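We name chains A, B, ... by the order of the sequence lines, and we start the count at 1 in each one. It should be emphasised that the depicted structure is a prediction, and the values quoted were computed from it without experimental measurement. Computed from heavy atoms alone, side chains included, the values below leave out hydrogens, waters and symmetry copies.
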Amino acid sequence: MPVVGSLEELLRQRLAGAFENVAGVPVDPAFRRSQHADFQSDAALGLARRLRANPRDLATRIVAEASLGDLCDSVEVSGPGFINLTVSNTVLASMVSEVSRDDRLGVSTVEPETVVVDYSAPNAAKEMHVGHLRSTIIGDAAVRLLEWLGHQVVRQNHLGDWGTPFGMLIEHLLDVGETEAAHELSVGDLNGFYTEARRKFDGSADFQERSRRRVVLLQNGDEATLRLWRLLVTESKQYFMTVYAQLEVRLAEGDFAGESAYNAALAPVIDELRRLGLLRDSQGADCVFPEGFTNRAGEPLPLIVRKRDGGFGYATTDLAAVRHRVQDLKATRLLYVVGLPQRQHLEMVFAVAAEAGWLAPPARAAHIGFGSVLGADGKVLRSRAGGTIKLVALLDEALERAARLIAEKNPDLDADTRAEVARAVGIGAVKYADLSTDRGKDYVFDFARMLSFDGNTAPYLQYAHARIQSIFRKGGLTPNRDGRLIQVTEPAERALVIELLGFPAVVNEVAQTLEFHRLAGYLYGLSTTFTAFYERCPVLKAEGIVRDSRLVLCDLTARVLAQGLDLLGITAPQRM
RNA sequence: GCGCUCGUAGCUCAGUGGAUAGAGCAGAGGACUUCUAAUCCUAAGGUCGCAGGUUCGAAUCCUGCCGGGCGCACCA
């Protein structure tokens, strides 16, 4: 009996053995799903050139060498030298039976590694906007996936809680009064607070001067100033927690690791860089010039670690964070879920950290970058007034629209269920729209499309899941998960089984690449394949082993959908 | 100017050097006494920005060009 899980992996291994026997060296079988058969390998074509052999002859020899008879009904050489595999229904049935009794749906746990995920990173006393939305959603999915695979995941919410803007913000706080300021911040009017402070700063030389003096007091640890600063930060954190609760992400209070947390480490970072001989003075600033970066004049590009005025910049904080994460948190994989515009900056930080020896194998860092959220006009999403859009306003509208849809489509649901479903659908739609396209590209934000029940959307996947639950409700049945042998005969059944067996491969791939649209695409494919099965293969009306088999397939599909959606941070309701 | 990145159907997007480039939406035509029609089926829709090159084979790799976005010294 084959190992639980990857049918694809099993076939790949068998073929790889045959390739190696024929070629004399290891060959990647270039194995994949195909429209011409269940699976296809086209590696014989490439190999033929290297061996100066006829590709069809070579493929025929490989097929003869591979022992696939116990797995496949047919193994054919086709076209110029493709090897097409059709898996036997018996094997499909026994493999899917095995998976159906596995809590992990065929996905193995991994050798655990400590992974730091840096994501969300709002700024204290400043509203969260769509940029934070992407970072938060993608980061949360990364955390869920890596944790589910068995990794030790440390969440780091790099809150912007330090720097020159706080002089201005504290002075503004004093102007409006502590009580009033705390109220504004706790109800989430961060935009109002920040923009008013900004307006005064830009418009009044006197206010600017007060702000500058306040920054100095803050940096020198003046207790009265620190108290006011803490008030700003604490109230902001409270507000961010309400946003995270609405988003249903796993960020907790203890995950805030603000910039200020690294203050004490900044001077030592500089000292160490100096000791290592990496520091150079440039125009009065302390800089590191990592290998391979140039500015617009073609000169070496500096990472400024201490400004001319003696202050530290964000680069120093980022370096201190790398050091802390590797040395104190013992992480070997650092993930930065940060927008693509910061790519060069992060690459420079990683390069300097590597040159300083803070980031050495097996530890490594990766920028999990993402593009912008665009409006219907194809430009970066902005409010009518041209300002940034509040994240909560976006979520509120998604919830409202979802609630309206649910009320209209399924008026029979009681009020509590309806509210619950509206949450799952509304928030799920926003998250899924973000995670279902290539994160490296920009995407167009469109409520109507993301909330549609057709196409590659959260509601479509959730609906497929809810329909399955409905079958079990209607039949008064509980799923059977004893791994009993089932039967696979209909084309729609075998298509569904092949799809179900592909879950482990996509999960493992996404754990490496953090390209969640591949998981989303898989789940969408599973849903459409299931729906085809649902249309053609009656379940409750079937009898005997056919009915039992279909029930197992339904249950397994529902579990893979729910698990896959959960990895994306999305809830699959029992009914819709 | 240099660097990064994107350009695929009217629209929104997939596409790992392999056979005839795929979905969804919109538009056209069809299917509900049925396990949820919130669905499904059918047909239509493409010079894969342009031009070269590498290859048995290129949307995919390389070069150039055109067009969009972003970055390039003390904000984060």
*Asks:* Please list, pair by pair, any protein nitrogen or oxygen found under 3.5 Å from a nitrogen or oxygen in nucleotides 69-71 of chain B.
*Replies:*
residue: G71(B); atom: O2'; partner: Q344(A); partner atom: OE1; Å: 3.3

*Asks:* Who pairs with D377(A) by side chain to side chain donor-acceptor pair (under 3.5 Å), at least two apart in sequence or on another chain?
*Replies:* none
*Asks:* Once side chain to side chain donor-acceptor pair (under 3.5 Å) is applied, do any residues pair with N54(A), and if so which ones, sequence neighbours excluded?
*Replies:* none
*Asks:* List in chain and number order the residues that pass side chain to side chain donor-acceptor pair (under 3.5 Å) with E499(A), two or more places apart in sequence or in another chain; answer none if no residue qualifies.
*Replies:* R33(A)
*Asks:* Among residues at least two apart in sequence or on other chains, which ones pass side chain to side chain contact (heavy atoms under 4.5 Å, CB included) with R306(A)?
*Replies:* I270(A), D286(A), F312(A)
*Asks:* Which parts of nucleotides 30-38 of chain B does protein reach within less than 4.0 Å, heavy atoms only, written one letter per nucleotide 5' to 3' as B for base, S for sugar-phosphate only and - for none?
*Replies:* -----BBSB
*Asks:* If a stem is a run of at least 3 consecutive Watson-Crick or G-U pairs, both distances under 3.5 Å, which stems include RNA chain B?
*Replies:* B:1-7 with B:66-72, B:10-13 with B:22-25, B:28-31 with B:39-42, B:49-53 with B:61-65
*Asks:* Using a 4.0 Å cut-off on heavy atoms, which residues in residues 123-138 of chain A reach RNA chain B? List them by number, or say none.
*Replies:* none
*Asks:* Would you list the protein and nucleotides 15-21 of chain B atom pairs, both N or O, that sit under 3.5 Å from each other?
*Replies:*
residue: G15(B); atom: OP1; partner: H517(A); partner atom: NE2; Å: 2.8
residue: G15(B); atom: OP1; partner: R518(A); partner atom: NH2; Å: 3.4
residue: U16(B); atom: O2'; partner: R32(A); partner atom: NH2; Å: 3.3
residue: G18(B); atom: O6; partner: G46(A); partner atom: N; Å: 3.4
residue: A19(B); atom: N7; partner: H36(A); partner atom: ND1; Å: 3.3
residue: A19(B); atom: N7; partner: Q40(A); partner atom: NE2; Å: 3.0
residue: A19(B); atom: N6; partner: Q40(A); partner atom: NE2; Å: 2.2
residue: A19(B); atom: N6; partner: N84(A); partner atom: OD1; Å: 2.9
residue: A19(B); atom: N6; partner: N84(A); partner atom: ND2; Å: 3.0
residue: A19(B); atom: N1; partner: S78(A); partner atom: OG; Å: 2.6

*Asks:* My understanding is that only residues two or more places apart in sequence, or in another chain, count here; which of them pass side chain to side chain contact (heavy atoms under 4.5 Å, CB included) with T294(A)?
*Replies:* none
*Asks:* Under 4.0 Å from any atom of RNA chain B, heavy atoms only: list the residues of residues 52-59 of chain A that qualify, in numerical order.
*Replies:* none
*Asks:* Applying salt bridge (Lys or Arg N to Asp or Glu O under 4.0 Å) as the test, list every pair that has at least one member in residues 448-460 of chain A; sequence neighbours left out.
*Replies:* D446(A)-R449(A)
